[in-house]
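Taking it in order: structure first as structure tokens, then the write-up.
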Amino acid sequence: MSHRNGALSAARRRGDLEALAAGEAVDVLVVGGGITGAGVALDAASRGLSVALLERRDLAHGTSRYSSKLVHGGLRYLAQGDVALAWESARERAILMGTTAPHLVRPLPILMPLTASVSRRAASTVAAGMRVGDTMRALARTSRTQLPRPRRAGAEEAWRFVPGLRRDDLRGALIGWDGQLEDDARLVVAVARTAAAHGARIVTYAAVTEVGRGEVAARDELTGEALVVRPRHVVNATGVWASGLAPGVKLRPSRGSHVLVPAERLGDPRGGLTVPVPGERNRYVFALPRPDGLVLVGLTDEPVDGEPVDEPQPEPAEEAFLLETISTVLQTPLTSDDVVGRFAGLRPLPAAEGASADLSRRHAIVEDPPTGMLTVVGGKLTTYRRMAQDVVDRIAARDGVGAGPAVTHRLALVGARGRQPAAGAPPRLERRYGGEAPDVVALADGRDEPLAPGVPASAAELRFAVERELALTVEDLLDRRTRLGLVPEWRAAAEPAAREALQAGVRAAT
Ligand SMILES: Cc1cc2nc3c(=O)[nH]c(=O)nc-3n(C[C@H](O)[C@H](O)[C@H](O)COP(=O)(O)OP(=O)(O)OC[C@H]3O[C@@H](n4cnc5c(N)ncnc54)[C@H](O)[C@@H]3O)c2cc1C
């Protein structure tokens with residue numbers, strides 16, 4: 001296949017679907033277009049296998065767009081004594097920041113304010129953990145320029161980072177550095193397009209309905225037509241929906257909720273906050289400034305019963321908990337009136353104590369004996385590449401599979417710029433599109449005009465999403481290719497432009 005930049009469009013989707021429906025054999029069929037499925041598709045395709053990925057809705061429609069958007073070095077795992085997992089995170093962070101997606105990950109300072117409620121002993125334990133994390137950073141070869149050494153700052157410096165911090169009892173802050181993703185959904189799209197550049201057929205709005213040995217039934221969700229795909233190996237990467245295709249995998253999802261507040265409510269911070277939850281050990285609420293002028297406040301952990309829903313919503317009690325906890329360190333407390341957007345995601349947790357592995361933090365690969373399908377669940381956005389490599393290693397070890405060695409640790413994703421930043425592109429587009437920013441600018445005759453005042457996206461981005469990033473619906477454009485849908489006011493302002501971009505795409509194709 002000749003699409004070197006991995007451009008995905010409605011026309012390419014149609015061609016891919018027709019080839020599969022016509023009975024083309026594929027080595028690996030991946031079910032699910034979140035970060036895990038996209039990662040498996042890329043790993044397999046870049047090792048020379050023929051690959052198709054079927055996603056029942058859009059790329060990043062599931063949990064992968066509702067994360068906290070951190071590429072983290074696993075400090076929390078260190079606190080829990082899981083050094084191996086922390087090391088895996090630190091290593092994958094180094095690969096993402098250094099090679100695969102440097103355009104999408106930036107360093108973020110995160111402060112733990114030292115107020116009267118944080119004892120000196122607790123502060124020195126956290127500081128010691130940060131030092132171990134820094135050693136892992138060095139061993140993983142992330143440079144000090146990318147992630148500076150953690151340190152203690154005085155109160156004045158802490159206020160310079162976060163002017164909204166309360167002033168009465170602040171004696172300073174511990175500052176650590178981690179990676180922050182520009183946008184989790186953009187990472188998924190970049191991985192999927194890179195897989196497409198290696199020949200993978202990426203088909204959205206195609207639901208898998210049944211998996212048999214060597215035969216998988218699916219449905220085109222746009223036309224309702226049924227089709228049968230003939231893969232040699234199947235990978236189930238459907239996250240919290242995994243047991244729908246693999247009944248032996250029992251999950252009990254947990255909801256993690258976030259709210260968005262205007263950055264000015266915390267004094268336009270240059271760094272994030274991590275704040276201990278009063279009365280609990282080792283539990284924190286964070287506030288992370290984002291380049292779109294908002295601060296993300298998270299995170300809750302609420303068990304959810306029954307079938308996982310597609311668009312989970314935060315409960316009012318979760319919102320109140322997040323606002324109250326973060327307000328313990330702020331000069332002016334946040335209230336629900338400050339909240340401009342909210343979202344929740346579901347973690348795939350094992351249904352019962354003592355299940356095969358702690359799926360919340362580690363990934364697990366489970367084989368379904370009758371069909372040979374491999375289900376992969378758990379893990380993190382940060383570790384998607386390693387998960388994918390482990391799955392494809394399992395396939396490569398089977399008889400008759402001619403897969404080459406894994407190469408994704410040195411494979412730049414679509415848009416990862418080389419040593420030179422793209423000349424002349426606006427910084428916002430540089431951050432989101434990396435080396436492809438000039439292509440977006442070219443669609444806008446050199447301008448980067450917002451769709452409406454204060455709405456952080458342009459008509460050129462919508463057009464680019466239709467032409468190259470497989471946006472097929474208004475929701476794809478507003479909720480995944482841009483993230484305007486997170487703020488209802490932005491969504492309403494951008495909807496007519498999204499409709500127009502889709503119609504222009506249809507006109508151009510006919
Ligand atoms: C609240 C929260 C915050 C998080 N924060 C972070 C963080 O800051 N950093 C980090 O590294 N990790 C974080 N994580 C973890 C990370 O988000 C997840 O591990 C990851 O997104 C899971 O991706 P996935 O591809 O396995 O699942 P999903 O993204 O859910 O993808 C599964 C896909 O399968 C599709 N699908 C389902 N059934 C079918 C079918 N029958 N046919 C075809 N397609 C189907 C779904 O539509 C979906 O798109 C967080 C998780 C949560 C819940």
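Here, residue 1 is the first one in the sequence, and each next residue gets the next number. Remember, predicted model here, so these are calculated numbers, not experimental data. Only this structure's heavy atoms are used, side chains among them; waters, hydrogens and symmetry mates stay out. One-based numbering, in listed order, for ligands and for the atoms of each.
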Does atom CZ of R141 have more than 12 heavy-atom neighbours from other groups under 6.0 Å away?
no

Atoms in ligand 1 with a heavy atom of G62 nearer than 4.0 Å:
29 (O), 30 (O), 48 (C), 49 (O)

Which one of I35, T63, V31, V30 has a non-hydrogen atom at the shortest distance from atom 30 (O) of ligand 1?
T63

Heavy-atom nearest pair, L346 first then P308, reads CD1-CB, 3.7 Å

Identify, for atom 22 (C) of ligand 1, the protein heavy atom at the shortest distance, and state residue, atom and that distance.
S64 OG, 4.0 Å

Answer yes or no for R56 and W241: cation-pi contact, defined as NZ/CZ to six-membered ring centre under 6.0 Å and angle to ring axis within 45°.
yes

For atom 5 (N) of ligand 1, closest protein heavy-atom neighbour:
S68 N, 2.9 Å

Please determine which of E469, R468, H103, E461 meets the side chain to side chain donor-acceptor pair (under 3.5 Å) test together with Y433.
E461

Among all protein heavy atoms, pick the one closest to atom 8 (O) of ligand 1 and tell me residue, atom and distance.
L70 N, 3.1 Å

Using distance alone, decide if ligand 1 has a nitrogen or oxygen within less than 3.5 Å of any nitrogen or oxygen in V240.
no

Heavy atoms of other groups near R219 CZ, more than 12 under 6.0 Å:
no

In terms of residue, atom name and distance, what is the protein heavy atom nearest to atom 50 (C) of ligand 1?
S67 CB, 3.9 Å

Should you measure from each heavy atom of L54, which atoms of ligand 1 turn up under 4.0 Å away?
43 (C), 44 (N)

Is the number of heavy atoms from other residues, nucleotides or ligands under 6.0 Å of E307 CD greater than 12?
no

Show the atoms of ligand 1 that are less than 4.0 angstrom away from any heavy atom in K69.
8 (O)

Can you find a side-chain donor-acceptor pair between T142 and R137 that sits under 3.5 Å?
no

Value rounded to 0.5 Å, distance of NZ in K380 from NE2 in H72
4.5 Å

Selected option - heavy-atom contact closest to atom 31 (O) of ligand 1, from G34, A185, P312
G34

Can you list the atoms of ligand 1 that are under 4.0 Å from a heavy atom of T36?
23 (O), 24 (P), 25 (O), 26 (O)

Considering only non-hydrogen protein atoms, determine which one is nearest to atom 27 (O) of ligand 1 and report residue, atom name and distance to 0.1 Å.
G239 CA, 3.8 Å

For S257, which part has a heavy atom under 4.0 Å from ligand 1: side chain, backbone, both, or neither?
neither

Protein residue, atom and distance nearest to atom 12 (N) of ligand 1, heavy-atom basis:
L381 N, 3.2 Å

Considering distance alone, does some N or O of R347 sit under 3.5 Å from an N or O of ligand 1?
no

For A344 and R255, the nearest pair of non-hydrogen atoms, with its separation, is CB-CG, 3.7 Å

R342 pairs by side chain to side chain donor-acceptor pair (under 3.5 Å) with which of E318, Q313, E319, H258?
E319

Within ligand 1, which atoms have a heavy atom of L299 less than 4.0 Å away?
1 (C)

For T382, counting its heavy atoms only, list the atoms of ligand 1 lying under 4.0 Å from any of them.
10 (C), 11 (O)

Pairwise side-chain contact, L59 with I202, heavy-atom cut-off 4.5 Å (strictly under):
yes

Which ligand 1 atoms are under 4.0 Å away from a heavy-atom of G256?
1 (C)

With backbone taken as N, CA, C and O and side chain as the heavy atoms from C-beta onward, which portion of Y384 lies under 4.0 Å from ligand 1: side chain, backbone, both, or neither?
neither

Closest approach of any protein heavy atom to atom 48 (C) of ligand 1, naming residue and atom:
E55 OE1, 3.4 Å

Report yes or no: does a heavy atom of G379 sit under 4.0 Å from some atom of ligand 1?
yes

For atom 42 (N) of ligand 1, the protein heavy atom that lies nearest, with its residue and separation:
V208 N, 3.0 Å

Working to the nearest 0.5 angstrom, can you tell me the gap between E221 CD and D58 CG?
13.0 Å

Correct closest heavy-atom pair for G73 and S89 would be C-CB, 3.7 Å

Specify the closest pair of heavy atoms between A185 and R480, including all atoms of both residues, with the distance to one decimal.
CB-O, 3.5 Å

For ligand 1 and R56, I'd like to know whether there is a polar contact (N/O to N/O, distance under 3.5 Å).
yes

Counting each atom of ligand 1 from 1 as listed, which ones have a heavy atom of G345 under 4.0 Å away?
53 (C)

